[in-house]
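Here is the structure we will look at.
Throughout, a chain's letter reflects where its sequence line sits, starting with A, and its residues are numbered from 1.
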Amino acid sequence: MGQAAAAPEIELSGISMSYGSGGADVLAIDRISLNINKGEFVSLLGPSGCGKTTLLRLIADLLQPTDGTLKVAGASPREARLAQKYGIVFQNPVLYDWRKVRYNVTLPLELMGVGKAKREERAEELLALVGLAAFADKYPWQLSGGMQQRVAIARALSMEPEILLMDEPFSALDEFGRERLNEELLSVWSKVGSTVVFVTHSIPEAVFLSDRVFVLSPHPGRLSAVVDIPLPRPRTSEMRNDPAFFGLIAHIRDSFEGV
Amino acid sequence: MKGQRALRQGRLLPTVVWAAALLAVWEIISWVLLDVAKTPLAQSKLPYIHELAGTFGEYGGTLWREGRATFGNAGIGFVIGAVAGALLALIMSMSKWIEQLAFPYAVASQMIPILGLAPILYGIVRDEQISRVLIAGYITFFPVSLNMLRGLRSVHPSALELMAIHAAKPWTVYWKLRLPASLPGLFSGLKIAAPLAVTGAILVELMGAQHGIGVIMLRNLYYGPSHVYMFWSTVIVGALLGILSYCLISLCERLLTPWQPEFRRKGGDR
């Protein structure tokens, strides 16, 4: 999708990041360079300590790199953030307890200054897309964990972000819930078409979702491989039994062996 | 709804039984002290319930009038103290520097005994109404400020990052995130402060006011054993005012923050 676009949407060159101050700096990310194209679905895959979440937070302008340059749509991450180009889904749903489901979904639109009628219309649409239309007037705690994470996805997509950042969004779910939400995410994404940066430590999840997988190795975080996923879209649950799917999983697992 | 009503009925009966049993035990102990053990001043230690009820019937008007004076002033002071406490918490949450500057003084202010402060204040303002209001506000201020500050700080880092990602302005972060998140803290502060404000107002009245439940409490204490039932009645009214203030705050809390964990119905409907 969109690989032919002229300039990459997100451009990292020589990004390094170290935590702490003084002599005891811990290098979390070591000179990573990569490009992500507009409309592309990419995963940052690796074991804990590989800096994948840090990388996502650098793109989101929640952290600043200690070295290297990062460009988002030709501008700095800060400018992209202030231009409200981002949507985000965290590991936890992070819903606001005092807002009903409907108003959790409209939150980003409120922050963008979208009118009330338009906001509520969007919330209806998005909640229908994630199969929660009947729960719009419930409070978050009345929903199960998987449903809450669906609300978080609806919230992130409500403002049709240019770039959707997802930080291990399904890691708290069981295998069945995760697979179902993977499929739902792809079907919702196909209607919005955002550029997606998806952080995960699950190889099958990364393969199933992505156009490309960036494989990271830990201590310090380095880019160790970039794997194209040529599986056709739309992707269906039957593809999980496809030899090509297993082949890609094996290929990525091999690239870890060398680490 | 049906289940809820059944639950309420299921709770009502034990409550009534308990209250009746408590009153019966009270009455029996009172009788034992007076007629069996023949202790001196037995009725001052634990008066007969039926005598108290009689006093309430006879002097209900007076108790109501004086109680209202106390409660009104305590209420005004409570509101002023709560607003001031909440504002200080807001300012302290915005700046660590101001917190470090103001917090030690807020703590130190709580070290001054009210029993000593009340007459000093009364000596300065020379007005029982204003003194009552000021002391009630003074007592309210600290627990409200402390609990609200904790509430404002309780916001989950990810919830703040969500605001940052969508480029929310600082005041929007307060209005849509920090303030709603601080409400449970604010209400626990208010619930601690409300009965204390009433007690504070009564204390001021003991220093020589003309009106208020504290005034007739003191007067009837001076008159000795002959006024024991009236004295006990004023103590009970004082307690009831404290309970009333607490219940009013709890009601507001329930209406304004129905999303709090303790108000969630068991089981939910997932």
- Below 4.5 Å from any heavy atom of chain B, which atoms of A:L62 appear? Answer side chain, backbone, both or neither. side chain
- Message: Could you check whether any side-chain N or O of A:R119 sits under 3.5 Å from a backbone N or O of A:T106, counting only pairs where one atom can act as donor and the other as acceptor?
- Response: no
- Query: With a 4.0 Å cut-off, would you call B:R153 and B:E99 a salt bridge?
  - Reply: yes
- When only pairs under 4.5 Å are counted, which of B:T257, B:L177, B:T172 shares the most heavy-atom pairs with chain A? B:L177
- Message: I need the full list of ring pair (Phe, Tyr, Trp, His ring centres under 6.0 Å) pairs touching residues 167-205 of chain B, with sequence neighbours left out, sorted by first then second residue.
- Response: none
- Spell out, as yes or no, whether a donor-acceptor pair under 3.5 Å connects the side chain of A:Q149 to the backbone of A:P169. yes
- Contact leader toward chain A among B:P261, B:P258, B:A164, where contacts are heavy-atom pairs under 4.5 Å: B:A164
- Query: Contact part of A:Y139 toward chain B, heavy-atom cut-off under 4.5 Å: side chain, backbone, both or neither?
  - Reply: side chain
- Item | Option in A:P108, A:P140, A:A156 with maximal non-hydrogen atom pairs under 4.5 Å from chain B | A:P108
- Task: Take atom CZ of A:F176 as the centre, draw a 6.0 Å sphere, and report whether it contains more than 12 heavy atoms from other residues, nucleotides or ligands.
- Result: no
- Interface residue of largest heavy-atom contact number with chain A, from B:K176, B:H156, B:K169, B:Q260, under 4.5 Å: B:K176
- Determine the option with the most heavy-atom pairs under 4.5 angstrom with chain B, choosing from A:W98, A:F90, A:Y96. A:W98
- Return yes when atom CG of B:L255 has more than 12 non-hydrogen atoms of other residues, nucleotides or ligands closer than 6.0 Å, and no otherwise. yes
- Task: Please flag which part of A:M112 lies under 4.5 Å from any non-hydrogen atom of chain B: side chain, backbone, both or neither.
- Result: neither
- Query: Got a sec, which residues hit ring-ring contact (aromatic ring centres under 6.0 Å, His included) with B:Y138, two or more places apart in sequence or on another chain?
  - Reply: none
- Query: Considering only heavy atoms, which portion of A:E110 lies under 4.5 Å from any heavy atom of chain B: side chain, backbone, both, or neither?
  - Reply: side chain
- Note on the structure: Cut-off 4.5 Å, heavy atoms of chain B, and the answer for A:L95 is neither
